[in-house]
Structures are given as structure tokens and as C-alpha cells.
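What follows is a set of notes on a single structure, which appears directly below.
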There are 2 protein chains.
Amino acid sequence: MSPQNSQLKVSTLTLVKTACSNCNLRELCLPFGLEPNEMERLDTLVSSRRRLKRGEYLYRVGDTFDAIFAIRSGFFKTDVLIEDGRDQVTGFQMGGELLGLDGISTEQHTCNAIALEDSDICAIPFSQMEALSREIHSLQHHFHKVMSREIVRDHGVMMLLGTMRAEERLAAFLLNLSQRFTARGYSHAEFFLRMTREEIGSYLGLKLETVSRTFSRFQEDGHIAVQQKHIRILDVNGLKALMNRRN
Amino acid sequence: MSPQNSQLKVSTLTLVKTACSNCNLRELCLPFGLEPNEMERLDTLVSSRRRLKRGEYLYRVGDTFDAIFAIRSGFFKTDVLIEDGRDQVTGFQMGGELLGLDGISTEQHTCNAIALEDSDICAIPFSQMEALSREIHSLQHHFHKVMSREIVRDHGVMMLLGTMRAEERLAAFLLNLSQRFTARGYSHAEFFLRMTREEIGSYLGLKLETVSRTFSRFQEDGHIAVQQKHIRILDVNGLKALMNRRN
DNA sequence: CCGTTCGGTTGACCCAAGTCAACCACGATT
DNA sequence: AATCGTGGTTGACTTGGGTCAACCGAACGG
């Protein structure tokens, strides 16, 4: 094979690898429901594809907003903080999900987005996305659905924080993760947590000790097997039952 | 004045009264930032203006979604419920705010919207709104901002539910109401609560007894004067101080 | 005008989760 | 192999807010 050929092959491969139309997350992400030619047009918008190392910030509170981000691979958390040091994890995001929607409102980001493992993201300049969605109805509509879904998700978290006990919160959390891993083709029953007990606690409105103890209790009761960040769900129905038993 | 004249005057008045362009909430609502001619086009969409009595449902969980609603006057709560009877108030809405954004996601409403006093609302058919926002950029952009603001607001509630103590939650709640009444030209220091202690509690993740006790404590400490649903804020800074004192 | 109802207040007691502290496990570094 | 640091577990004790119950007061219908 000539050096030229080899060069060509590599660049083709790269191209294929970074196009929405060939992304295996397209059905979960912004391009959902687009025709092939529409997807190509969306592709031209996705200006930069960035790689982040574990611990890196994708954006911070106060950063000016000009793009939304789609997660190609990896795992993120978003959090907000108040002066006195308290913080609240507002969500954990994985492949195919969008980050940055909070910034549209004031043109500044209102939370931090931090990679919990090495991750790849696509940046979609927002004003161009708006322009394109004026032309492609299904893109417009799907984007509205994504934003609305985020609102509904937040209501779920409010329900969790407002009315559930520690056990229920943690069961809901595990089942939600499991369901999302499943949708991405991973095992529903076995996975690694990308976040610490403290981050789980912050998300669920609990202290890390409570998270740890509750995991232990779930294990004693045979619902799960925990070993540090490795989780195996042994009894999905048991967890579901825990989740909404009135008391 | 001839009967005909009088008739004409009345119908003109009605027309004037129900147009976005003459609505005193337009700067808080969907028409924000539109040119006069654009506002007229939005007006043609606002198909129905409905009056609801206290306690009436604007929509219920499961209702098919086809329009978003703007509050012309009155006061609403939205809530979600789970089978076992628990419910969570996800928000209180007042004049100029939009209701129904949760329904875009699945084309079904995921929460209930209930009038807490006699209210007037404008229904804006969603697909027509999407069509118009393809033509009027500023409408499109503003709508996106409104959805994003809702997400940011929800993050604020998550912060409140996840990290704050009862006192802080209630102080934050009162300050938020005060600020919103002010934006609508009402007193920042004196207002009537439209919701019960139980509804406040549900929103803040507290029991009604705790809400009641905390109000009493605020009163003892000279921060507010409470008499049933009537609230007078005596010391805004005191409340603010309560809100973010670490401990 | 009186009785009923619904919402609000207050008290006594209890418990789930928080706090504080010791200790352990696993990786990374040298 | 030894050390260090971060994250996780577990125990003992405390506490903020929940629970249960009595009572009060305003609004409303007969």
C-alpha cells in the first residue's frame, strides 16, 4: 500500500468516525428522526469535537454560552454552587445526551459541567442550530422535545428530593442508571459508577455516609452486590418495590 | 349615544383587552422583544382565551398536549403524583408565565395544572407557534430562552430541596414570591399567599406543620408578620441572611 | 345566628438521616 | 515493597423535621 493510500484511508476513517450520520448515538441525540440529507446538514454545524480528560471542565458558571454540547462518549456531572460552599449536583449525563441548555436563558452558563471520565463531545454553535432548525422542522421539533424532556426529568428529581426517603432515592437512582445503560446497549444489571458517594449524595440530597450505608443495606438484603464503584443489580423488582412503598 | 355605537365600543374594548400588543404582561410573556407587526401575528395564534375558576384544572397528567398556555391573570400550581398518593408541587405560576412546557416531550402532559384563584389564560397552539417561530427569529429565540429559564429555575429548586434547611427554604420561597410580585407592579413587602401551608410544604419538601412553625418563628424574630394567608415582610435583609448562612 | 368544615397553629414525642470519628481498601508514586 | 492520598465503610451519638393529636379561627351554607 502506498503512503498516499494509507493517508487517505486514515482520513476517511476519521471522517466516518466523527459524522452524526455514522454515530451510533444518533437515535438518542440531536439528529433523532432526521433524513440522511438533513443529518448531513447538521453535521456541517458540528464545528468542533473535543476530548476532555477526567476532571476537566466543559464549561463553568459564568462562561458565555454560545454552543450546546452533545456527549459522544464519556460521562459528566453538572453542578451549581452557592457562595458558602454548598453545592448541588443537578445531573449526570452520558453518551447521546445534551449539555449546556441552561445557558440559553441568560447567554451565560449557570452550572458547571465536569467530565467524570475521559470523554468526547461535539460542540454545536447555538445560533447556527437555531438557524438550521428554522429550515428543518423535525430538528426544530426534536430540539423542543429534548428541552421539554429536561424539564420533565427535573420534575422527577424534585419529586425524589421532595418526597422520597433515602432508600427510595437510591433505588430510583440505580434503576435510572440501569435503564440508561440499557438504552445504550450495556448491561442493565452490571455497571461501574463513574461518580463518588459524595457526588451521588449531592445529587440525591443525602450525605455520603447515608449513601454508603444504604448501599450496604441493599447488599445485605440481596438487592445488589456492591464493591466500591462496581454495582451488580441482583433483584430489579426488589428495588422497584422499595422505590414506591408508601410509609 | 346610539345602541349601535355603544355595541361597537364594547367590542372594541374587548378586542383591545385581549390582544398581546395591549397586554400589560407582554414584557414578561411570550411576546417579549417582538416588533409591533410581529406581535400582531402572534396575536392571531392565540386562539382561545379561557377563564378558570379557583380549583379548576387547566390540564391533567395524561391529557394530550397541543398548546402552551400563558397566564393573563391569576395564579396556578403544577404538581406531579405517584401511585401511592404522594405528590410534589413542582411550581407556582403567575401572570405572564407559561404553562404546559412539560407536555412537548411526549405530547402528553406529565403534571397537573390547577388554578389557585380565578384565572384567565391564553392558549397558544404549539405547532402553530413552532411554525411562526420559524419565521420570526426573535420569537424562536425568546421561546428557547423561556424553556431554558425553566430548566434553570428547576435547578434552583433542586438546590433548595437538596441542600437547604427548613428556614432557608421558606426564606428563599418568600423572597422569590416577593421578587415576582414586584416585577408585576405589586408590593414587594405585602401580599396574600394563594396556596395553603400544605401546598407550600409540598413544594419545599416539608410538612405543613413545619411550614406553619417556621412562619411563626420568622414572626417571633421580627422578619415577617403573618396572619393566615396575609404576609408582610418586615426585614428583607434578615430573610436574605437566613437564606445562606452555612450551618 | 349557629354549626360545620377546612386550614392553620401548637405541643409532645420519635426517628431517619446528619455529624463526628475511626478505620479500611485500593491506586498511584517513589 | 513502603508510603501516601483519596474514597469508602462502619459505629456511636445528635438533631431537625416528621408524626400524632388537640385545639383554634375564619368562611360558608342552611
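Chain letters run A, B, ... following the sequence lines, proteins first and then strands; every chain starts at 1.
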Original post:
Between A:Tyr203 and A:Phe92, is the ring centre distance below 6.0 Å?
Top reply: yes
- Message: Using ring centroids (six-membered ring only for Trp), state whether B:Phe126 and B:Phe65 fall under 6.0 Å.
- Response: yes
What is the separation between atom [atom1] on [X] and atom [atom2] on [N], rounded to the nearest whole Å?
X        : N      : atom1 : atom2 : answer
A:Lys207 : D:dT15 : NZ    : C1'   : 14 Å
B:Arg194 : C:dG8  : CZ    : C1'   : 18 Å
B:Leu206 : C:dG8  : CG    : C1'   : 16 Å
A:Phe215 : D:dG7  : CZ    : P     : 16 Å
A:Glu168 : C:dA16 : CD    : C1'   : 12 Å
B:Leu204 : D:dG18 : CG    : P     : 11 Å
B:Arg197 : D:dG18 : CZ    : P     : 16 Å
A:Leu160 : C:dA17 : CG    : P     : 12 Å

What's the closest nucleotide to the side chain of [X] if the choices are [options]?
X        : options               : result
B:Ser212 : D:dG17, D:dT10, C:dG8 : C:dG8
A:Lys229 : C:dA17, D:dG8, C:dG8  : D:dG8
B:Thr196 : D:dG18, C:dG8, D:dT9  : C:dG8
B:Arg165 : D:dG17, D:dT9, D:dG18 : D:dG17

Assert: residue with more 5' nearest nucleotide on DNA chain C, out of B:Arg213 and B:Glu198, is B:Glu198
Taking for A:Gly205 and for B:Leu208 the nucleotide of DNA chain C with the nearest heavy atom, the one nearer the 5' end belongs to B:Leu208
Axis-to-axis angle across the helix from C:dC1-D:dG30 to C:dT30-D:dA1, five pairs each end, nearest 10 degrees, ~ 40°
I'd like to know if A:Glu117 and A:Arg194 make a salt bridge, using a cut-off of under 4.0 Å between side-chain N and carboxylate O.
yes
Pairing of B:Arg165 and B:Glu168 as salt bridge, 4.0 angstrom limit
no
- Does B:Ser216 put a side-chain nitrogen or oxygen below 4.0 Å from OP1 or OP2 of C:dT9? no
Output for pair (B:Phe76 CZ, B:Gln93 CD), nearest 0.5 Å, gives 8.5 Å
Checklist entry - Do other residues, nucleotides or ligands put more than 12 heavy atoms under 6.0 Å from A:Phe32 CZ? => result no
The complete set of salt bridge (Lys or Arg N to Asp or Glu O under 4.0 Å) pairs with one or both residues in residues 97-114 of chain B, sequence neighbours excluded, reads A:Lys145-B:Glu107, B:Glu97-B:Arg180, B:Glu97-B:Arg184
Each nucleotide of nucleotides 21-27 of chain C classed B (base within 4.0 Å of a protein heavy atom), S (only sugar-phosphate) or -, in 5' to 3' order, makes -------
**Prompt:** Distance only, no hydrogens: is a donor on one side chain within 3.5 Å (strictly under) of an acceptor on the other, for A:His155 and B:Gln88?
**Reply:** no
Tested for salt bridge (Lys or Arg N to Asp or Glu O under 4.0 Å) against A:Asp120, the lone hit among A:Arg50, A:Arg49, A:Arg51, A:Arg72 is A:Arg51
| task | Please lay out, stage by stage, how B:Ile82 and A:Met164 fare under the test side-chain contact (heavy atoms from CB on, under 4.5 Å). | result | CA-CA 11 Å; B:Ile82 39 181; A:Met164 291 186 171; 4.3 Å; yes
